[in-house]
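Here's the structure, in structure tokens; my notes come after.
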Amino acid sequence: MNRLQIPDVRGSLSRSWERLPRWGRFAVYVLLLVGAVLLPADSIGRIMAPESDWKSILFFPIGVYVLLAVGLNIVVGEAGLLDLGYVAFFAIGGYAMALLGTEQGWSFWVILPTAIAMAAVAGVILGAPTLRLRGDYLAIVTLGFGEIIRITANNSNWMGGPRGIAGIPHPPNVGHVSQLQYGVIDPKPYYYLVLALLVIVIVVVQRLKHSRVGRAWMAIREDEDAAELMGVPTFKFKLWAFAIGASIGGAGGVMFASKVIAITPSNFPFILSVLILAAVVMGGSGNIAGVILGAFLVAWLPERFRGFADYRVLVFGGALVVLMIFRPQGLLPSRQRAEEMTEGQGGMGSMGAETAAET
Amino acid sequence: MLLELDDVRVHYGKVEALKGVSLTVEEGEIVSLIGANGAGKSTTLKTISGLRKVSSGHVRFAGEDIGHMPGHRRVERGICQAPEGRGIFPGMSVVENLEMGAYARRGSVRGDTEDDFDRVFQLFPALADRKSQTGGTLSGGEQQMLAIGRALMARPRLLLLDEPSMGLAPKLVSQIFEIITEINGQGTTILVVEQNAAQALARAHRAYVLETGRIVKSAPARSLLEDDDVRAAYLGGRIGT
Amino acid sequence: MLKLINFAHSEIFMIGTFAALFTMHGLGIDHAIGGFALVGALLLCALAAAAASGGAAVVLERVAYRPLRKRGASRLAALISAIGASFFLQEVFALRYGRDTLSFPRILSKTVLFHIGDGAVRTDKVLVVVAALVMMFVLDRFVAATRLGRGIRATAQDPETAVLMGVNIDRVVMLTFLLGGIMAGGGALMYGVLLEQTRFDVGFVLGIKAFTAAVLGGIGNLRGALVGGFALGLIEAYGSSVWGTQWKDVIAFVVLVVVLMFRPTGILGEALERARA
Amino acid sequence: MAGVLVDPYCLAVIEARRSARMNGTRLRVVAVAAVMATVVAACGGGSSKSSSSGSSGSAIKIGFFGALTGSNSPQLGINIRNGEKLAMDQYNKTAKTKVTLVPYDSQGDPAQAPQLAQKAISDKVVAVIGPAFSGESKAADPIFEQGQIPNLSASATNAKLQLNGWKYFHRLLANDDKQGPADADYISKKLAAKKVAVIDDASEYGKGLGDVVRSKLGSAVTVNDSVDPKAAAGNYSSTVNKVNAGKVDAVFYGGYYQDAGPLLKQLRDGQFKGAFVSGDGSLDQKLIDEAGTTAAEGAYITCACLLAGASSDPAAQQFTKDYKASSGADPGTYSAEAYDGTNAVLKAIAAGNTTAQTINQFLTTVDFKGITKEIKFDPQGEVQGGAIYMYQVKDGKLALLGDVNTLI
């Protein structure tokens, strides 16, 4: 019975959302956007990050994590593929920015689409031989891919080895508006840049979700065999999910590298893949608002509790367990997902039969 | 009364799958439960076996309320099910699958189960030839035999059969039902769920008709065979043997 | 075995190494010993490590897995829960015992018995290989031939039908974790004897390696895990001698991808080709 | 609550928790509980902390930048912070304008460095001791440069940092371009090794140092290996096999003591009899604990730093005593450098310079005798005359052999 109570409250929220007229929803979007634009204010920062620089962490980790989580959500939340090596695409974007920026002298705006394409190609290269695998097999292969990229960067002199690459150019300034002057000191322009990209990505992803592609992903997630039998070219759509997710990761990497100037392979550890995955799942995989919330919390909480330094990871680990116990479907689950859960068969297969409990 | 369901309700999430099912099975009977796809037949069996939680109502077995008892303890009480789709363990050999049937009888050692093996191999000689073959490599008919044989290994007082004829050739179907009658003759009470209503009604003593989570008819099986509604809905107007 | 990546298994292993270390300290061992004293001490350490790891595994199952199982949560949720538990356990040990490597005392003198080519065959290595093979054999027999072993396999192959056969799933899952924990504890002692060190994050990489080996051999297949482990070890040794140690993981993963391309369920295949339709 | 600064966020949280309880909806309590537990607990910790640093608003702030938590925190953080703190405590005893220490715990993670550097700027610290790691220096120093905050590293020895034309960058010890050749010279000249194995930990620091040694030794290097200690999980058997197969006279290891210890132990277990030489990352008593006294005996370790406890200089011995009284432990690697660096800043403040710019100006001309060396910076920010010291493990302790140049 308890189980029913939880989706109910959430359900009433989403019902009132559905009742909102078109202009009402639009107004909410505009309000959210205005809120996001005003977010770097110092007064907010004093509350949100008293022991760190709020404007900086709004770009990284918060902005970048949110972007990565939205990208990974396509792979995990929409297509139901477990990817434990998502950081690889982030790294590819970062290194593309670093190498093309320092050695070829390309501009940020040229590198961004190039890197997105490169990451997408990498997604296809990883996906093509491996996407026929399922579950744990796919997980370990993706994990391996992430490690391969990092180790290769660490051991290849042309990628700077463990020293990485320094002197990465910033994006060129736009006009004389202070929000668009990309330098070392002011993090705000980078935050607005990542915000703009995020808005574009979200619009595109939501459109995609409600298109034929999105329905195909849903079918794959729910029952791959059945989808295949119904004539959904599952392999093609899985590859699409991988490529689109990868390209968003790549874009995140470009942003990150152009802000921090110097990157090393240690910027792209396995644990980052895990954190982003945790963000997606704890937020509510498949629901973009949930994913954003999850990524925000994963990025923000450790910064908020700097004073707590030694216990941060401990508490984070404990909180993940508690959260998964009480809200296995995430903080803001997607509606379809919630229904899959109550049926006891999540997209990745449930943990076992629902058996009558000894209560 | 061996088994009694009293106004049992079961939910899947928000959907009510059983809307107050009441039925009884007497010692020594074959009772069959017929109905269309999605009527709640399998859910009823799963509820009796403890795979589904009862939202309200009672399940009584041999006078004891077992509605909230975990599934594995119900097996110890003597309820054993051959599930829909047979549920053969594909990685285990025929013998190992049969041994799984005797799992609930804790003290069971080889000597003790010897008789049970003999009984199963007598009923299903085909299995005796395939003792060491893994379950996944058997044919559909053999798997069904194995599923029933495995359930018998538990020496059940009540045997639950979920669609024993599903996916089998007509000749095999009659064979299976003959064996079911034989098992019943040896003293095991049977509750069988079937879409092949003709066979089920022909072999059963009594029958219930389930429609969208409710019992809509209950009568001696023979009389249902003559029932016009039932014939129209489940027998396609044609009476089997 | 139960079809989930137990990310926290590395920490179960880590707890075993600490238990073995503390037992050695408790016994006051500070130099290599021999004869019956050695056998006794090793058995005590094995017992302590197995108890600690086994106990931790059972607690983990109760706290981080069972509630999710009861709620019919997705495997993804279980994965995150395990990752959370893994972070938590690592940090508990990091905060309590520091982040530096802790050394084991030398309990067994490392005498070279003979050489094969350039490789020296040493007492500790022989002991570990023998002990590992014995453990594998016992586990293999246990799962194949005992009632509980059958219950475990049945649950892995088809949990719902297992219940219909009278298997108490909660108990079987718990005992599976216990068994896994005991094996991890045994492995932890071997690691301690062989490499004489531990650290709060010692399990992490080993966990990933173990998982890789299991996938390489075929999940849920004990012999597959053994084959996978050997194959992984050989690949890594070969890779590091030819291309340098820094590339061995890359080589191992590339081989893994190639193997999975041709055999999507590992070298020996999944023991249980579960009908999915 | 009196005396404890409760920040508004915490109040909001307490309020939210109260209203959740009143509404009584199970959902809210459950959903928020996990986060709440964190928040409430952390508010306690966080607010008491902010009260201590907030109360001394009038004092001049000097930052610390390095790893106070995380895996390298003992060596590249706590040692340095304690040295810095000692200098400031001594100064505060007599000075009119007090100084306070503001820690920025980077955990050695370059990804966290930019926001912390930014925070240091908005906190208006006048100088920073750190960043401790070379990696985080590359991410943080450009921000300090733009923010015009003098930063003095007691430990980052990457040989490229000084080449960026930074005006606010300083470091208190010689860089790897000096340490590496010193190691190589010692191995080839003093130890007369004909065949050398050079192993590194594939980290920015370890590989950097290893590569300098490799290029200096040239063809004498017959075995190379690069092992990420995380990936090795403590097992160096393939490296040991390579070393033995190469029949080398000496092994040089570029990496940190946590990994050098097990490697050294396994090398000795594997019957390697030659010399073991390593760099500053291995300079820690724990190296001996981890390798075991027998295996560690005779190992050589270079460092551009002066381990005060191993020095017979009276000033260093006095420092060792004070340090021990102040932090309850022996001074570790880089403690004395941090102490000297802090004193350089304090001398500027004592001379009336209270802004970051004037302190930086003062640092260009500072010249005094520190514990470790004459403190005087060249235009690139490098301390002048930084020597490379050679240490050796003797009877389970780190003993100072002396300046490498004088030993050869």
Side-chain angles (χ1 to χ4, degrees), chain C residues 10 13-14 17 30-31 84 90-91 94-95 98-106 108-112 115 117-120 122-125 191-192 194-210 233 236-250 252, chain D residues 34 67 69-75 77 107 199-203 207 223-247 256-263 265-266 268-272 284-296:
Chain C
S10 349
F13 173 86
M14 179 268 290
T17 61
D30 54 6
H31 62 277
Q90 274 195 24
E91 284 303 303
L95 294 171
R99 288 172 201 274
D100 277 328
T101 308
L102 301 175
S103 303
F104 276 64
R106 173 145 305 176
L108 171 76
S109 66
K110 304 198 165 183
T111 331
V112 176
H115 288 270
D118 276 331
R122 241 167 38 201
T123 40
D124 55 328
K125 295 188 180 174
Y191 181 87
L194 198 60
L195 299 175
E196 300 181 335
Q197 57 177 314
T198 186
R199 197 159 71 183
F200 73 101
D201 60 355
V202 68
F204 182 71
V205 170
L206 291 171
I208 291 180
K209 296 246 147 110
E236 289 197 348
Y238 182 74
S240 50
S241 65
V242 176
W243 286 284
T245 312
Q246 67 269 40
W247 293 107
K248 71 174 181 179
D249 287 343
V250 172
Chain D
T69 58
S71 52
N72 278 312
S73 57
Q75 195 187 36
Q107 303 184 312
I199 301 156
D200 67 65
D201 67 351
S203 77
K207 184 162 191 296
V223 175
N224 272 304
D225 208 1
S226 185
V227 197
D228 181 350
K230 281 214 177 89
N235 182 1
Y236 293 97
S237 57
S238 58
T239 306
V240 172
N241 286 342
K242 277 189 186 181
V243 167
N244 280 338
K247 305 211 174 356
Y256 296 100
Y257 66 92
Q258 292 99 323
D259 316 307
L263 171 65
K265 186 183 209 175
Q266 289 172 35
R268 296 297 184 213
D269 283 344
Q271 312 293 307
F272 170 68
D284 198 294
Q285 183 66 30
K286 292 226 179 63
L287 170 82
I288 300 159
D289 298 345
E290 285 168 15
T293 40
T294 345

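Naming convention: chains lettered A, B, ... in sequence-line order (proteins, then strands); numbering from 1 in each chain.
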| Part of Asp228(D) lying under 4.5 Å from any heavy atom of chain C | neither
| field | Taking every non-hydrogen atom, the tightest pair across His115(C) and Val112(C) | value | NE2-CG1, 3.8 Å
| task | Quick one: which of Phe204(C), Phe104(C), Tyr191(C) has the most heavy-atom pairs under 4.5 Å with chain D, could you say? | result | Tyr191(C)
| message | Does any part of the side chain of Glu290(D), heavy atoms only, come nearer than 4.5 Å to the side chain of Arg199(C), both counted from C-beta? | response | no
| field | Which portion of Asn224(D) sits near chain C, non-hydrogen atoms under 4.5 angstrom | value | neither
| remark: Nearest heavy-atom contact between Ile288(D) and Ala296(D) is CA-CB, 4.0 Å
| query | How close do Pro105(C) and Asp30(C) get, heavy atom to heavy atom, and via which atoms? | reply | CB-CA, 4.1 Å
| query | Can Tyr257(D) and Asp100(C) be counted as having a side-chain donor-acceptor contact under 3.5 angstrom? | reply | yes
| request: Examine whether an atom of Ala231(D) lies under 4.5 Å from a heavy atom of chain C, and if so say whether it belongs to the side chain, the backbone or both; otherwise answer neither. | output: both
| message | For Ser103(C), which atoms come within 4.5 Å of any heavy atom of chain D: side chain, backbone, both, or neither? | response | side chain
| message | In the structure I gave you, are the side-chain heavy atoms of Tyr256(D) and Asp201(D) within less than 4.5 Å of one another anywhere? | response | yes
| Between Glu196(C) and chain D, which part of the residue has a heavy atom less than 4.5 Å away: side chain, backbone, both or neither? | both
| Given the options Pro262(D), Gly261(D), Gly292(D), Ala202(D), which has more heavy-atom pairs under 4.5 Å with chain C than any of the others? | Pro262(D)
